[in-house]
Amino acid sequence: MTTLMDIVKKKIKRPGKISAACLMLFILTITPLAVYASNINAGVLSNAREKRQPEKTDSKKEDEIHLPPVVEPESAPLPDQNEPVYEPVSHTQDNFFYRKTLKGIYSSTDLYFYVEDYWDTKYVYAKIQYDVSQLIESTASSVTFAINDVPIQSYKLEYKDGNSQILYVKIPMDQVRSGYNSFSISAYARLFDQQGCVDDYSDANWLGIADTSYIRCGYESRDPEHRISFYPYPFMSTYNTTGKGLFIAVSDEAASGEVAAAMSLMADLSKQTGKRNEIELCRISDLKSNNPSDTILISDYNNLPAEYKDKVTKAPDTSGNAIVNFIDDSNLKPLLLITSNDDSSLKEAVDMLMDESRRKQETGNLAVVEKGSGDQAVNAAKQSDLTAWNYTLEDIMGSGLSFVGPFHQEKYVYLPVSRDFVLAQGGKVVLKFRYSENLDFKRSLVTVFWGDVPCASKRLSQEKASGDELNFELPADVIGTSAASLKIAFDLEIPDLICTPRQSDMPWAYVSRESTIFLPPAADMRLSFDSGVSPFSRNGKFNDVLLILGDNPTSVELNLLGQTLAMYGREAKPYGTILVKRAGEFNKDDGDYNIITTGTLSGNTFLAQINNNLAFQFSQDGNSFESNDQLILSRDYAGKIGIMQLLKSPYSLNRTLLVLAGSSQDTLKNLEDYLRDSSKREELKKDCVVIDANQNITTLKFIKAEEVKEGPTLTEKLVRNKKSLVFTVIATSAMFLMLFAVIIILLRIRVYRKKNGE
């Protein structure tokens, strides 16, 4: 076959080699462009592609399949319908079930409950309200209960004319541990007739557990013994979920470092509150009139009154270290005192309290927090950005997942993401699993759900039973959404189900602890109260937040800011960024933060700077708000409302400004009371909320929605692939120079041939 190179050689005899070289150089010249073009399309994907981890060889951590117990129904006793009787205790904690239906020959479910370190637990029992299908009437069925994978009780199930039934399970205290405990319910039914098994009706065999079922823990509270490791107890506890009586106080000078630390602590403690947040922020001089039951005092040592300096076990030195001291106040009530000679160290002391791994080390009543001790944790978080959001099942669950029994089995993997999480493009799941070989492989499969949205399925095969894998990227329709869990479901069908299967013959599947989930977060910049805690919180930490106070902030303003930080710090982790400035200190050149400000026009001069940016501007005297094209305000009404508004920051690109403004302290107090109620926070919508004296709200939208880009622009592609671009430019330039040189040589040869008459 004649090639292009052959044709060239035939046409040019003497300088053929040079011409061939020219052609090859031309091909090489266009190659970098082709490479770069492919990088544009595939570069980001290839960079994001996960490297396969080496197989672990640690024999001490072999994956184990836990087979839940199966009890023969004939040997099980009838349910205990009498509530257990125990000695009275001071406190009880109930953990309620979600409504759940167990179907088929074998099925199970779990409920997790938490036992606090400061509980002296006296008893634990479960109350189960349940319904069973009529099919139970003609079959033998049982239910078995286990605590932390240890079987504790089995009962025989009976059908009673379709009525709900109640049973009680005593849980042995020697099986209950501090921290999380799992309570498992496993139902088993034998379905058969005169000819043999009737598994076709397995879904008609069900056990329904009502959401009135619960696990009750009875306990006494331990003496905190002034141990810092017990924090947040006794300042917050399971028997005081509102924080009523707890005061967080700063000095009367309210130094910037004091307020920043107090706001971080407020957000952390507010995670423990329930429907209402009654924690108060105030100045030291306000404590006596309020008579708190618990106090946390945060103050620069120089601003600390003498009566508190005398109580400090050890005064801070000049190194800038902070002191955390758990003592009693003059009324013998708990007092946690945080002080330093450098008020910037106060936030570091609060970070230590929020960091459980550090806090648990402080078993005494005094802790010295070295200045800069949190920098290592902050830097570690920055360094882990490249490998962040990549989790193994072991990271999340501590182990793999076992699925035992025929037919449909499903379990949830609760994702370790914060409430502000939104999935970005490139999310990926690599599921490694194995399963039994006694399956009907034509009908058995595994399915993975993002929340309740199915994402991928795979049919099981006998050839891969000892080691299979489902590898997929999360589909486009779930990008930009959030989910609290992944659901993994196995349909384990078997061809010949015998009437009384032995447990060892049950079909099973096991998802390895080395399975990985890659969850990159999207940068959600929607400015709306119903978009979660973004942008003030990201990945559970405060995201470059700057609080701007009036030059002489009132307790109402401090409390309003505190409740706002509690709202945006619902999952507050340590080492977030919170700064505080007075309005008179603020410089627009320092505005590269997400800003939150509150107050009145007369008390906060910063509000006068941004008044023209507000949808509802202050009137000239500051005693009311002006109308706008979306809402006309009556004169009386305009003086009795508070405004919450989100804005694009006028000081920095891609930053946000939140304004909580009122015409008087009473209107600010009304905003504060509104935010204390967690159910009312859920009513906040759009980007502007007007709250009147009766706490009725009007939500409005002033920020125009921006078009969502379907993909990166050419400029963005070039920026993302700048290394490839540099290489391409250099390589192409070199090739063009070489080509130009070859052309000159050819021209010189041609001139030479003409000159010599060739």
Side-chain angles (χ1 to χ4, degrees), residues 48 50 96-101 109-112 180 182 211 271 387-401 403 408-433 445-458 469-491 509 511-526 528-541 543 567-573 678 681-682 684-685 708:
E50 299 174 65
F96 284 88
F97 285 76
Y98 289 106
R99 182 176 294 276
K100 179 71 176 179
T101 301
T109 189
D110 297 313
L111 174 70
Y112 294 91
Y180 280 104
S182 66
D211 54 9
K271 294 185 296 185
T387 57
W389 322 306
N390 197 19
Y391 309 97
T392 65
L393 202 57
E394 185 176 25
D395 295 334
I396 301 172
M397 307 286 292
S399 63
L401 289 175
F403 300 78
H408 189 76
Q409 304 282 340
E410 60 184 39
K411 291 197 174 183
Y412 290 87
V413 178
Y414 293 99
L415 303 175
V417 295
S418 55
R419 293 187 184 183
D420 60 325
F421 175 82
V422 176
L423 181 67
Q425 190 172 5
K428 187 177 181 182
V429 176
V430 179
L431 213 63
K432 298 180 180 180
F433 54 98
L445 75 157
V446 59
T447 306
V448 179
F449 298 76
W450 173 257
D452 292 321
V453 179
C455 294
S457 292
K458 183 176 183 179
E469 185 174 295
L470 174 58
N471 187 328
F472 65 94
E473 289 193 2
L474 290 166
D477 61 327
V478 301
I479 294 172
T481 67
S482 59
S485 64
L486 281 183
K487 182 169 68 175
I488 302 174
F490 278 89
D491 289 285
V511 179
S512 169
R513 55 189 169 84
E514 294 179 348
S515 300
T516 59
I517 305 170
F518 180 59
L519 301 175
D524 184 12
M525 279 300 295
R526 288 188 305 119
S528 174
F529 288 111
D530 50 355
S531 66
V533 297
S534 176
F536 298 101
S537 178
R538 180 167 296 169
N539 299 326
K541 298 178 182 178
N543 179 34
M567 178 175 68
Y568 283 107
R570 288 176 292 186
E571 295 182 3
K573 297 177 184 177
S678 61
R681 292 176 186 171
E682 300 300 323
L684 299 176
K685 307 292 181 184
V708 178

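Everything numeric in this text was worked out from a predicted model, so none of it was measured.
For the side chain to side chain contact (heavy atoms under 4.5 Å, CB included) test, residues two or more places apart in sequence or in another chain that qualify with Phe96 are Asp94, Tyr214. Shown here are the salt bridge (Lys or Arg N to Asp or Glu O under 4.0 Å) partners of Asp110, two or more places apart in sequence or in another chain: there are none. Ser457 meets the side chain to side chain donor-acceptor pair (under 3.5 Å) test with Thr447; sequence neighbours excluded. Considering only residues two or more places apart in sequence or on other chains, Thr101 meets the side chain to side chain donor-acceptor pair (under 3.5 Å) condition with none of them. For Lys573, the salt bridge (Lys or Arg N to Asp or Glu O under 4.0 Å) test picks out no residue, with sequence neighbours left out. Among residues two or more places apart in sequence or in another chain, the ring-ring contact (aromatic ring centres under 6.0 Å, His included) test is passed with Tyr180 by Tyr114. With sequence neighbours excluded, no residue forms a side chain to side chain donor-acceptor pair (under 3.5 Å) with Asp211. By the side chain to side chain donor-acceptor pair (under 3.5 Å) test, Lys100 pairs with no residue at all, sequence neighbours left out. Partners of Leu684 under the side chain to side chain contact (heavy atoms under 4.5 Å, CB included) rule, at least two apart in sequence or in another chain, are Phe529, Met567, Met644, Tyr674, Leu675, Val689. The salt bridge (Lys or Arg N to Asp or Glu O under 4.0 Å) check on Lys685 picks up nothing, with sequence neighbours excluded. Ala489 meets the side chain to side chain contact (heavy atoms under 4.5 Å, CB included) test with His408, Glu410, Phe449; sequence neighbours excluded.
Taking CD of Glu469 as the reference point, atom OG of Ser512 lies at 10.0 Å (rounded to 0.5 Å). The distance from the CD1 atom of Ile517 to the CG atom of Asp395 is 9.5 Å, given to the nearest 0.5 Å. Atom NZ of residue Lys458 and atom CG of residue Leu445 lie 11.5 Å apart, to the nearest 0.5 angstrom. In this structure, the separation between CG on Leu431 and CG on Leu486 is 9.0 Å, given to the nearest 0.5 Å.
Of all non-hydrogen atoms in Asp452 and Pro454, the two that sit nearest each other are O-CD, 3.5 Å. Closest approach of Leu470 to Ala456, counting heavy atoms only: CD2-O, 4.3 Å. Lys428 approaches Asn471 most closely through the heavy-atom pair CE-OD1, 3.2 Å. Listed here is the closest heavy atom pair of Cys455 and Phe472: CB-CE1, 3.8 Å.
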Checklist entry - salt bridge (charged side-chain N to carboxylate O under 4.0 Å, His left out) between Glu394 and Lys432: does it pass, once the steps are laid out? => result CA-CA 12 Å; Glu394 185 176 25; Lys432 298 180 180 180; over 6 Å; no
Checklist entry - So Asn390 and Thr516, side chain to side chain contact (heavy atoms under 4.5 Å, CB included) or not? Walk me through it. => result CA-CA 7 Å; Asn390 197 19; Thr516 59; 4.3 Å; yes
Checklist entry - Would Phe433 and Phe490 satisfy side chain to side chain contact (heavy atoms under 4.5 Å, CB included), going step by step from the backbone distance to the final call? => result CA-CA 11 Å; Phe433 54 98; Phe490 278 89; 4.0 Å; yes
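Contact annotation: the side chain of Phe403 approaches that of Val511 to within less than 4.5 Å [non-hydrogen atoms, C-beta and beyond]. Leu474 places a side-chain heavy atom less than 4.5 Å from the side chain of Leu519.
Sorted by first then second residue, the salt bridge (charged side-chain N to carboxylate O under 4.0 Å, His left out) pairs that include residues 477-486, not counting sequence neighbours, number zero.
When each of Val429, Leu415, Ile479 is checked for a side-chain contact (heavy atoms from CB on, under 4.5 Å) with Trp450, only Leu415 meets the rule.
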